[in-house]
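One structure is given below, encoded as structure tokens.
Per chain, numbering begins at 1; letters A, B, ... match sequence-line order.
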2 protein chains.
Amino acid sequence: MPRRADPERIAQKREQIAVEAGRLFAAQGYDRTSVAEVAKAVGTSPASVFYYFEDKASLFRAVFERDLPAAEALIARHVEAPDPVTAILDVLDALARDAADPSASGMLIELLRRAGDDPELLAVVGRTANVLREGLAALISRGITEGAIDPDLDATETAAWLQAIVDATYLNARPGHSPHIELHRTVLGYLNPPQGRQEEPNG
Amino acid sequence: MPRRADPERIAQKREQIAVEAGRLFAAQGYDRTSVAEVAKAVGTSPASVFYYFEDKASLFRAVFERDLPAAEALIARHVEAPDPVTAILDVLDALARDAADPSASGMLIELLRRAGDDPELLAVVGRTANVLREGLAALISRGITEGAIDPDLDATETAAWLQAIVDATYLNARPGHSPHIELHRTVLGYLNPPQGRQEEPNG
DNA sequence: GTCTATAGCACGATAGAC
DNA sequence: GTCTATCGTGCTATAGAC
């Protein structure tokens, strides 16, 4: 029973459409998912979807706009943690949590693909990625200061590389295969001060 | 001057079309590249393209069919190398060589995306990936035997993970940024026997 | 073998009634 | 706000002349 304009109801409907669209985009891809299909999944008409979203591209973007607050909360939760290396692993674990879900792989691929075509989408995911990168970089810097991370590493570059490795866990997704062990070993091996990697420490 | 059936000329034309198609697919994506566009780039008509390729999907697959012999040659060149760890790094370097080229990133993304929709494409790239994985696994096994690689690692699983890390270098591509340093550090840190990663070796 | 022309279809987005 | 109906567009693939 929609009374008045009810802005909250509008937000709920937008959310409902975005969720259903996200499912379909992840499973089938952007181009192979028609707005009519999304409308049917929600139980409405294409025209109604276009009432809530300007066009199909903005519908896709809506799926990723919810990630920014989640990323900010994730970083806030770990940035003050006592041990920076543990905090880094916890953050990366959270980011890789969905890696086993093959539809999450599909969504990452669609995202990478469409980010090249839609500058606004690039801005949306760029903001999220920046929050994560800066949060990780801060933890890396602290780890370097405390001697737990190789001081030769550049904090920001390393943070970007860790993000790419998380993406790799999505690409390496196989059902029933948890990426955590590989991820931990990779990250610890990368961050560790050179304790035995090179036989000759420089003078 | 096309005399007779001239099977060699057919192969050349197919190659020419596949090369041009590859360029466009990498730059714009599969769905956003029409066969008409490919035809124009080659200087011919859409009908002529369909004379050489059954359909658009097979045109896309042709781009990746050339990778199998290249992969076999790459593995053959390194599988007998004296130092297995160096050989692994050399193979991965070769695979990551194009990672700086942004259009190569685009092609990887299109490949991942279409492999889910085209079983024949999945088979084509699967054969190439298997050759690389088995070659790397053989090198890893030898490295374990020689004591240069952690014996707790599973050779095949590790090979698959190294392939995923190579993919990560493509995703982390930025102009003027060479992935080799990160790649080497990551791989060596991952393969190394636990010399200082854990303070307590198990009894 | 290569062309022009077009069939046949699917889709994004809009118009306009209710 | 939601609908039905449809416009306009662009595509893959084919037909048929040369």
Taken to the nearest whole Å, CG/B:Asp31 to C1'/D:dT12 is 12 Å
task: Have a look at B:Ser34 and say if it touches a base, only the backbone sugar-phosphate, or nothing, with a 4.0 Å heavy-atom cut-off.
output: sugar-phosphate
Rounded to whole Å, the OH-P distance (A:Tyr30 to C:dC11) equals 13 Å
Between CD of B:Gln12 and P of C:dG1 the distance, given in whole Å, is 12 Å
Rounded to whole Å, the CZ-P distance (A:Arg32 to C:dC11) equals 10 Å
Do A:Glu37 and A:Lys40 sit within salt-bridge range, that is, some charged N less than 4.0 Å from a carboxylate O? no
From CZ of A:Phe25 across to C1' of C:dG12 the rounded distance in Å is 12 Å
Of D:dT12, D:dT2, C:dT14, the nucleotide closest to the side chain of B:Lys56 is D:dT12
The residue, B:Ala47 or A:Glu54, whose nearest nucleotide of DNA chain C is more 5′ is B:Ala47
task: May I ask you to say what A:Tyr52 touches in the nucleic acid, namely base, sugar-phosphate or nothing, with a heavy-atom cut-off under 4.0 Å?
output: sugar-phosphate
Is a donor on one side and an acceptor on the other found under 3.5 Å between the side chain of B:Gln163 and the backbone of B:Ala129?
yes
Rounded to whole Å, CD1 of B:Ile17 lies from C1' of C:dT2 at a distance of 11 Å
Against the side chain of B:Phe50, the closest entry in C:dT2, C:dG12, D:dT12 is D:dT12
* Any sub-3.5 Å donor-acceptor pair from A:Arg185's side-chain atoms to B:Tyr190's backbone N or O? -> yes
Mind checking whether B:Tyr30 and B:Phe25 have parallel, tilted or perpendicular rings, split at 30° and 60°?
tilted
Polar side-chain atom of B:Ser105 near backbone of B:Leu171 as donor-acceptor pair, under 3.5 Å:
no
- Query: Does A:Ser45 put a side-chain nitrogen or oxygen below 4.0 Å from OP1 or OP2 of D:dT4?
  - Reply: no
Whole-Å distance, A:Lys40 NZ to C:dG12 P, equals 14 Å
Whole-Å distance, B:Tyr51 OH to C:dG1 P, equals 5 Å
